Amino acid sequence: MEKLEQLKTRLAEVMNLSYASAVLGWDQQVNMPPGGAAARAEQLATLSKLAHETFVADETGKLLDEAAIEVKDADYDSDEAALVRVVQHDYDLLTRVPTALVQEITRTTTLAHETWAKARAEDDYESFAPSLEKIYDLMRQKADALGYEDRMYDALLDQYEPGMKTADVQRLFDGLRKELVPLVAAIFERLDKVDESIMHLDYPEDRQAEFGLMVAKKLGYDMERGRLDKAVHPFTTSFSTNDVRITTRYYPDYLPASVFSTIHEAGHGLYEQGSAQVLEGSPLAGGTSLGVHESQSRMWENIVGRSRGFWRYFYPRLQALFSEQLGEVDFETFYRAINAVTHSLIRTESDEVTYNLHIMLRFEMENDLLEGKLAIKDAPDAWNAKMESYLGITPPDDTKGILQDVHWSSGLTGYFPTYSLGNFLAVQYWDKALQDVPSIPDDIERGEFGSLLSWLRDNIHVHGRKFWPAELTERVTGEPIQTKSFMRYLTDKFTDIYDL
Ligand code: CO
């Protein structure tokens, strides 16, 4: 397979350039002094230009065509067939959008980011509206260039969740909304059942860091192939399957931020560290989609990390570190506090129950804005009306409403639904893991996470990007993505916590 080998050599160069960019990006968020920003932007631009040019070159397309002939009889599941399949998909995505449009999007969103940050700080939507107008115009051009059959949004969504269609997301959300809105309303009637004030005491950062590191290691995050650092916005990034970095943040007066960010990012990190070693350095290493990635982080963060079993093991250890704050707080009070539902207007601060309603709102608005059913000037009112309808709360200003997220100013239209898809998949995968390995809950109570991690490794992580998200879910669970498992999980858990 001579052409396939040549293709691999070429792709390795692209991957090396991308990984080098990732190192610079990690350093930018973790270590870089503010003065380095301008030079760093230039360095990243150069590297990404080189990676892009190498990848979209005609030579890559030619090698792909030739390699496709060489692997045409290979097993669908083989690494060779998967490589050609996945790279062809990436190649199509990147070559369909004209370079001039890519540059225009980069230029516009770089400026829009500044405009958005100022508008958010000053609660001034009007100053951001022209940028948003321009971005949606560019998103329409991008969708046209990428191509779609049914909905314009399909083209944008496919960049983050290959194969997923807008109509499918719509159907999942419509089903969920019917049951979720009444559950949220019922819990909002009984918010006084849970007191989370113990979370807002004084928690020294060094001890939070000590606890977070202990948890990440215990879950199986490999420190020989990883690091945990501090960043303003927690994230995970990889430079190799054998060098996966995670970050977290510490609030001195709010304990859950660091604990659950660390577990969340460790969940992403475990997925990245778990790709088969034979895929190392190839485009098949890493996660298959943002939704599947988020299923891993959310499973560890919420299903495992906010469960009674997890804390049966960890709570005595947390109490030992924070004896002054938590020494007298009983287990149930703590368990309920980490699962408190709140009237949050902010997506990133919202709880497991309300989170997907925040996403649903964004998904619907993105579609309406893209298809011209909603005017940019009317968007804040539409946002507030949906908040009232889904959550029964109205933002007092646009800073806490439509201006809260960075995504739209960055040109990330089509990205939001993947957060919810991850939440749904997390429960489906978890249910299947328990079916296959019934000892998992007992193991977790004893601080043994190996049985769950092995199951995830064998069924999900090891495949890297070899299978599309829908294929993977079908292979793992025997059914497509659905919301009934998620809804049952939420209802059971929160009926207990809020005595519904
Ligand atoms: Co995440």
Side-chain angles (χ1 to χ4, degrees), residues 22 25-26 29-30 157 159-162 164 169 212 215-216 219-221 226-239 244-251 256-275 285-306 310 338 344 346-360 362-363 404-408 410 412-430 452-453 456 460-461 464-465 469 472-473 481 486 489:
W26 172 84
Q29 296 194 57
V30 171
L157 177 61
Q159 303 171 94
Y160 311 110
E161 200 66 18
M164 180 58 77
V169 178
V215 173
L219 299 183
Y221 176 73
R227 276 182 66 94
L228 169 61
D229 289 277
K230 190 171 148 179
V232 178
H233 301 288
F235 66 96
T236 297
T237 186
S238 299
F239 316 144
V244 177
R245 311 289 173 95
I246 60 173
T247 60
T248 192
R249 65 175 147 208
Y250 303 99
Y251 294 149
S258 78
V259 172
F260 293 107
S261 294
T262 304
I263 299 175
H264 182 100
E265 300 306 330
H268 283 303
L270 289 168
Y271 189 10
E272 292 282 320
Q273 287 184 336
S275 291
T288 190
S289 72
L290 293 186
V292 175
H293 234 302
E294 199 68 3
S295 78
Q296 300 305 293
S297 56
R298 295 294 259 182
M299 183 190 296
W300 289 104
E301 178 195 350
N302 288 333
I303 305 177
V304 177
R306 293 183 206 265
F310 178 92
I338 55 165
S344 180
I346 309 296
R347 175 185 60 86
T348 54
E349 294 169 8
S350 67
D351 50 83
E352 270 188 279
V353 181
T354 56
Y355 189 87
N356 297 294
L357 292 169
H358 290 269
I359 298 300
M360 217 176 269
R362 287 156 176 77
F363 166 74
Q404 66 181 267
D405 296 306
V406 70
H407 300 61
W408 291 353
S410 310
L412 293 175
T413 305
Y415 188 112
F416 279 120
T418 65
Y419 293 121
S420 287
L421 301 177
N423 289 327
F424 308 153
L425 290 173
V427 181
Q428 289 180 256
Y429 296 155
W430 168 258
L452 175 59
L453 183 57
L456 293 170
I460 297 172
H461 301 178
R465 294 181 66 206
L472 182 73
T473 301
I481 186 170
F486 175 76
Y489 157 79

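As the structure lists them, so they are numbered: ligands from 1, and atoms in each ligand from 1. Predicted model only: the values in this text are computed from it and were never measured.
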**Q** With respect to Ile460, which candidate in Leu472, Thr473, Leu425, Leu270 satisfies the side-chain contact (heavy atoms from CB on, under 4.5 Å) definition?
**A**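 For Ile460, the side-chain contact (heavy atoms from CB on, under 4.5 Å) check succeeds only for Leu472.
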**Q** Quick one: name the protein N/O/S atoms under 2.8 Å from the Co ion (ligand 1), chain by chain.
**A** His264 NE2, His268 NE2, Glu294 OE1
**Q** Of the non-hydrogen atoms in Gly220 and Gln273, which two are nearest, and what is the gap between them?
**A** O-OE1, 4.3 Å
**Q** Is the Phe416-Phe363 ring centre distance short of 6.0 angstrom?
**A** no
**Q** Within 45° of the ring axis of Tyr419 and under 6.0 Å from its six-membered ring centre, is that where the NZ or CZ of Arg362 lies?
**A**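 The answer is no; the distance or angle limit is not met.
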**Q** Between Glu161 (side chain only) and Gly291 (backbone N and O only), is there a donor and an acceptor less than 3.5 Å apart?
**A**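 At least one qualifying donor-acceptor pair exists.
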**Q** Okay, side chain of Ser261, backbone of Ser258: is any donor-acceptor separation there less than 3.5 Å?
**A** no
